[in-house]
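Heavy-atom basis, side chains included; hydrogens, waters and symmetry copies ignored. Residue numbers begin at 1 in each chain, while the letters A, B, ... track the order of the sequences.
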There are 2 protein chains.
Amino acid sequence: MKTYTISEVAKELNLTVYTLRYYDKEGLMPFVERTPNGNRLFKESDISALKVIECLKATGMPIKEIKTFIDWCSEGDSTLEQRYNMFLERKANVEAQMAELKKTMEVIQHKCSYYKTAMDAGTEDIHKNEKLAKV
Amino acid sequence: MKTYTISEVAKELNLTVYTLRYYDKEGLMPFVERTPNGNRLFKESDISALKVIECLKATGMPIKEIKTFIDWCSEGDSTLEQRYNMFLERKANVEAQMAELKKTMEVIQHKCSYYKTAMDAGTEDIHKNEKLAKV
DNA sequence: TTAATCCTTCGAGTTAACTCTAGGTCAAGC
DNA sequence: GCTTGACCTAGAGTTAACTCGAAGGATTAA
């Protein structure tokens with residue numbers, strides 16, 4: 001079975017070795033085995049697990065909460081419901097983020113056309129009559 | 001013209017007075033005037049400006065960069081192009097974030113059904129044959 | 001054998017964005 | 001006139017998530 005060193009994994013996941021060691025220190029990688037002299041030995045399944053961790057991070061989940069999830073995974077089938085509920089919560093959270101980002105996008109697009117018009121006119125005064133922010 | 005105190009503005013924008021003072025300290029609010037004894041006096045237009053600042057924050061822009069933008073605003077029409085370009089960049093950035101979030105959502109949804117199936121079966125072993133992450 | 005290049009741990013340092021404390025001013029109400 | 005409460009500043013403290021340095025061990029290549 002193919003294995004990987006920490007720097008190979010770092011490269012693959014676009015992280016630094018420092019970050020991976022930090023995750024390990026925080027208890028996010030209890031499954032990673034070691035060589036006789038102590039070097040971390042990553043399996044394919046470890047990389048998959050790290051990808052899930054990266055996904056949870058992308059939802060804005062703090063590392064301590066990700067650790068709770070990893071602990072549940074280690075505990076086995078008795079925590080299936082907690083894990084399921086956690087992903088449902090993450091789903092709701094990401095949906096909220098998407099909605100927020102959509103609103104943000106609308107303002108940004110509005111600003112783009114505001115500045116396009118102002119730039120073409122050479123002055124922001126073109127918008128004087130609108131009750132808009134001065135920034 | 002109606003004006004507002006710092007705590008009224010904080011309430012309106014869902015921020016703390018500490019945060020608003022911090023923004024001021026960082027140069028994000030050079031337009032806010034003061035009463036003779038030094039209290040900040042916010043106008044409607046200041047609140048609009050703060051909403052734009054919150055929008056930029058929501059795009060993930062760091063406060064130092066927002067300050068650059070605020071400085072450009074103070075400089076007037078000569079910086080219209082920079083400001084326009086900045087908003088174009090922000091737009092691209094938000095689009096990237098949306099794409100990223102969509103990918104994240106797909107993984108999360110997959111995990112939701114994974115755990116639903118496992119929970120209903122009472123064991124994660126139901127997924128044994130798939131080459132999936134063990135977390 | 002020696003140098004380079006991995007890897008290790010431990011613990012300190014960094015950065016951003018707050019968050020709060022201490023000590024002080026000022027206006028309103030009793 | 002005094003207390004209460006909102007405001008002020010300067011600067012210290014907090015937190016998360018890295019990020020790095022020092023000191024040292026193992027493997028490989030000339």
Side-chain angles (χ1 to χ4, degrees), chain A residues 2-43 46-47 50-70 90 93 97 100 104, chain B residues 2-43 46-47 50-70 90 93 97 100 104:
Chain A
K2 180 135 177 49
T3 58
Y4 304 84
T5 66
I6 194 166
S7 57
E8 285 166 342
V9 175
K11 200 168 191 178
E12 163 106 10
L13 299 181
N14 256 306
L15 298 170
T16 67
V17 293
Y18 301 130
T19 304
L20 284 173
R21 291 203 193 103
Y22 166 68
Y23 287 176
D24 199 4
K25 213 188 300 193
E26 295 298 310
L28 262 44
M29 295 150 49
F31 41 75
V32 174
E33 288 173 16
R34 301 288 184 126
T35 64
N37 64 52
N39 291 15
R40 289 176 188 83
L41 206 58
F42 294 80
K43 301 184 291 296
D46 298 341
I47 295 177
L50 279 165
K51 281 179 184 166
V52 174
I53 287 170
E54 285 306 285
C55 171
L56 289 173
K57 260 209 324 172
T59 72
M61 199 172 191
I63 278 167
K64 283 201 177 138
E65 277 177 48
I66 300 179
K67 180 182 165 19
T68 302
F69 166 68
I70 296 293
R90 280 298 110 193
N93 190 297
Q97 282 182 60
E100 168 83 13
T104 299
Chain B
K2 179 135 177 49
T3 57
Y4 304 83
T5 65
I6 194 166
S7 57
E8 285 167 340
V9 175
K11 199 167 191 179
E12 164 105 12
L13 299 179
N14 255 307
L15 298 169
T16 67
V17 292
Y18 300 132
T19 303
L20 284 173
R21 291 202 194 104
Y22 166 68
Y23 286 175
D24 198 5
K25 214 188 298 193
E26 294 299 309
L28 262 43
M29 294 150 51
F31 41 76
V32 174
E33 289 174 15
R34 302 288 184 127
T35 63
N37 64 49
N39 290 14
R40 288 176 188 82
L41 207 58
F42 293 79
K43 301 184 291 296
D46 298 341
I47 295 177
L50 280 165
K51 281 179 184 167
V52 174
I53 287 171
E54 285 305 285
C55 171
L56 289 174
K57 260 210 321 171
T59 72
M61 198 172 191
I63 278 167
K64 281 199 178 139
E65 277 176 49
I66 300 179
K67 180 183 167 18
T68 302
F69 166 67
I70 295 294
R90 280 298 110 193
N93 190 297
Q97 281 182 59
E100 168 82 13
T104 299

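Evaluation of the side-chain hydrogen bond (donor to acceptor under 3.5 Å, both in side chains) rule for B/Asn14 yields no partner, not counting sequence neighbours. Taking A/Glu54 as the reference, A/Lys57 meet the salt bridge (charged side-chain N to carboxylate O under 4.0 Å, His left out) condition, with sequence neighbours excluded. Scanning for side chain to side chain contact (heavy atoms under 4.5 Å, CB included) contacts around A/Thr59 gives A/Met61, A/Arg90, A/Val94, B/Thr104, B/Ile108, with sequence neighbours left out. Partners of B/Thr3 according to the side chain to side chain contact (heavy atoms under 4.5 Å, CB included) rule, which considers only residues two or more places apart in sequence or in another chain, are B/Leu41. For B/Lys64, there are no side chain to side chain contact (heavy atoms under 4.5 Å, CB included) partners, not counting sequence neighbours. Annotation: side chain to side chain contact (heavy atoms under 4.5 Å, CB included) contacts of A/Pro62 (sequence neighbours excluded): A/Glu65. Considering only residues two or more places apart in sequence or on other chains, A/Glu33 meets the salt bridge (charged side-chain N to carboxylate O under 4.0 Å, His left out) condition with A/Lys43.
Rounded to whole Å, atom C1' of D/dA6 lies 14 Å from atom CZ of B/Phe42. A/Asn39 places its CG atom 8 Å from the C1' atom of D/dA26, with the value rounded to the nearest Å.
For the pair B/Met61 and B/Asn37, nearest-nucleotide mapping onto DNA chain C gives the more 5' position to B/Met61.
Sequence neighbours left out, the pairs with a member in residues 13-30 of chain A that pass salt bridge (Lys or Arg N to Asp or Glu O under 4.0 Å) are A/Asp24-A/Arg34, A/Asp24-A/Arg40. Legend: salt bridge (Lys or Arg N to Asp or Glu O under 4.0 Å) pairs involving residues 2-18 of chain A, not counting sequence neighbours, sorted by first then second residue: A/Glu12-A/Lys51.
Annotation for A/Pro30 and A/Gly27: closest pair CD-O, 3.6 Å, computed over non-hydrogen atoms. Summarising the geometry of B/Ile70 relative to B/Phe31, their closest heavy-atom pair is CD1-CE2, 4.5 Å, with the distance given to 0.1 Å.
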Measure all distances between protein nitrogen or oxygen atoms and nitrogen or oxygen atoms of nucleotides 10-12 of chain D, and list the pairs falling under 3.5 Å.
residue	atom	partner	partner atom	Å
D/dG11	N7	B/Lys25	NZ	3.4
D/dG11	O6	B/Lys25	NZ	3.4

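Read 5' to 3', the first and last nucleotides of DNA chain C with an atom closer than 4.0 Å to a heavy atom of chain A are C/dC6 to C/dG11.
As judged by a 4.0 angstrom heavy-atom cut-off over every strand, A/Ser7 is placed among residues touching the sugar-phosphate backbone only. No engagement by B/Thr35 is indicated, since no non-hydrogen atom pair under 4.0 Å with the nucleic acid exists.
DNA chain D is contacted by A/Tyr18, A/Thr19, A/Tyr22, A/Tyr23 of residues 9-23 of chain A, taking any non-hydrogen atom closer than 4.0 Å.
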